[in-house]
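The structure appears right after this line, and notes come after that.
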Amino acid sequence: LLDLKLYWEHQDRTVQAVPQSAAFLLRLKLDATLVLLTLWYEFDTAIRDRGETPPVRLTAQQLNDSLAAKFEPLRKFQPSPTRLREILSLAQRKNLLRFMPNEAAENSVIEIFPTLKRVIPFQNIEEWNKHADRYLATASEAGAEIPSLAEDEEGDKDE
């Protein structure tokens with residue numbers, strides 16, 4: 001099926017097709033990559049550490065706080081409220097989350113679905129930290145182009 005890997009979630013009654021070919025990968029801008037990495041981290045820690053069940057909920061303010069804490073050197077690449085809404089809408093169209101906007105942007109609710117962990121397939125938090133450190137190290141190099149998540153995924157297949 002066009003180089004797709006299929007996942008069946010019997011409890012949620014969902015089927016997810018995840019592209020395996022680089023031709024189907026999303027090419028995300030840095031701010032979108034940082035948001036999705038942060039959402040992955042929040043989902044993983046909620047399930048693993050706090051024992052929550054999917055979907056994991058957080059507010060846009062909690063997401064912004066988490067972004068600032070995890071990617072402090074990349075603060076200038078963090079999205080504006082309008083751009084954050086665009087990124088979350090894209091992720092919602094890809095069925096990675098449900099975004100429920102609120103008049104007060106910081107009170108908007110985000111429900112992270114398990115599908116995000118299959119699209120960004122880190123095995124554990126150590127692997128997530130390795131990727132996050134790559135972004136932070138690149139940010140410290142003056143004039144260096146920061147890789148996108150899709151480029152990271154392709155580059156790591158040989159490691």
Side-chain angles (χ1 to χ4, degrees), residues 1-48 50 52-71 74 77-103 105-125 127-132 134-135 138 145-157:
L1 290 172
L2 298 173
D3 205 16
L4 298 172
K5 187 170 185 177
L6 298 176
Y7 295 94
W8 284 270
E9 274 298 322
H10 297 287
Q11 294 133 334
D12 299 330
R13 304 181 92 182
T14 60
V15 176
Q16 181 181 11
V18 178
Q20 300 301 300
S21 169
F24 291 112
L25 294 178
L26 287 175
R27 302 290 178 196
L28 301 173
K29 293 184 179 180
L30 179 60
D31 58 354
T33 299
L34 296 177
V35 167
L36 292 179
L37 282 173
T38 303
L39 290 170
W40 186 99
Y41 182 91
E42 293 301 323
F43 182 86
D44 184 68
T45 55
I47 301 297
R48 186 175 35 85
R50 298 190 302 268
E52 293 182 27
T53 57
V56 172
R57 292 176 180 237
L58 68 151
T59 65
Q61 183 61 49
Q62 290 170 315
L63 174 59
N64 283 327
D65 293 344
S66 188
L67 266 168
K70 289 169 185 49
F71 297 107
L74 297 173
F77 294 103
Q78 291 178 7
S80 67
T82 303
R83 176 69 179 140
L84 181 60
R85 181 180 228 137
E86 291 172 6
I87 294 166
L88 294 173
S89 294
L90 170 66
Q92 181 169 284
R93 285 193 307 275
K94 301 298 180 185
N95 293 317
L96 304 177
L97 56 85
R98 179 177 299 127
F99 176 57
M100 295 165 273
N102 192 314
E103 286 181 24
E106 65 274 359
N107 293 332
S108 297
V109 176
I110 304 162
E111 288 183 347
I112 309 167
F113 298 150
T115 53
L116 180 67
K117 287 202 62 150
R118 287 189 289 269
V119 172
I120 305 175
F122 299 139
Q123 297 301 312
N124 52 39
I125 199 68
E127 190 176 345
W128 184 94
N129 284 326
K130 181 179 100 175
H131 278 63
R134 287 175 63 188
Y135 283 95
T138 305
E145 183 179 325
I146 298 175
S148 72
L149 184 60
E151 291 166 345
D152 282 351
E153 292 301 317
E154 292 173 14
D156 285 345
K157 293 200 187 304

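Values below: every heavy atom of this structure, side chains too, minus hydrogens, waters and symmetry copies.
- Across all non-hydrogen atoms, the minimal contact from Ala32 to Arg83 is CB-NH2, 4.1 Å.
- Shown here for Ser108 and Pro101, the closest heavy-atom pair between the two residues is OG-CA, 3.4 Å.
- Of all heavy-atom pairs spanning Leu88 and Leu63, the tightest one is CD2-CD2, 4.3 Å.
- Smallest separation of non-hydrogen atoms from Asp31 and Phe77: CB-O, 3.0 Å.
- Looking at heavy atoms from C-beta onward, Leu67 lies in side-chain contact with Pro79 at the 4.5 angstrom threshold.
- Taking CE of Met100 as the reference point, atom CG of Asn107 lies at 12.5 Å (rounded to 0.5 Å).
- In terms of modelled atom types and a separation under 3.5 Å, the side chain of Ser66 and the main chain of Gln62 share no donor-acceptor contact.
- The main-chain N or O of Ala46 is never found under 3.5 Å from a side-chain atom of Glu52 such that the two would form a donor-acceptor pair.
- Two residues are said to be in side-chain contact when any heavy atoms from C-beta on lie closer than 4.5 Å; Leu97 and Glu111 fail this criterion.
- Panel note: side chain Glu42, backbone Leu58; no donor-acceptor pair is recorded below 3.5 Å.
- Relative ring orientation between Trp40 and Trp128 is described as parallel, the plane-to-plane angle staying below 30° on a 0-90° scale split at 30° and 60°.
- Rounding to the nearest 0.5 Å gives a distance of 11.0 Å between CD1 of Ile87 and OG1 of Thr82.
- Qualifying side-chain hydrogen bond (donor to acceptor under 3.5 Å, both in side chains) partners for Lys117, counting only residues two or more places apart in sequence or in other chains: Asp44.
- In this structure, CZ on Phe99 lies 11.0 Å from CD on Glu86, to the nearest 0.5 angstrom.
- Pairing each heavy atom of Phe71 with each of Ala132, the nearest pair is CE2-CB, 3.9 Å.
- Between atom CD1 of residue Ile112 and atom CG of residue Leu96 there is a gap of 10.5 Å, rounded to the nearest 0.5 Å.
- For the pair Ala105 and Ala60, the tightest heavy-atom approach, listed with the atom from each and the gap, is O-CB, 3.3 Å.
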**Intermediate values then yes/no, side-chain contact (heavy atoms from CB on, under 4.5 Å), Leu84 and Asn64** = CA-CA 9 Å; Leu84 181 60; Asn64 283 327; 3.7 Å; yes
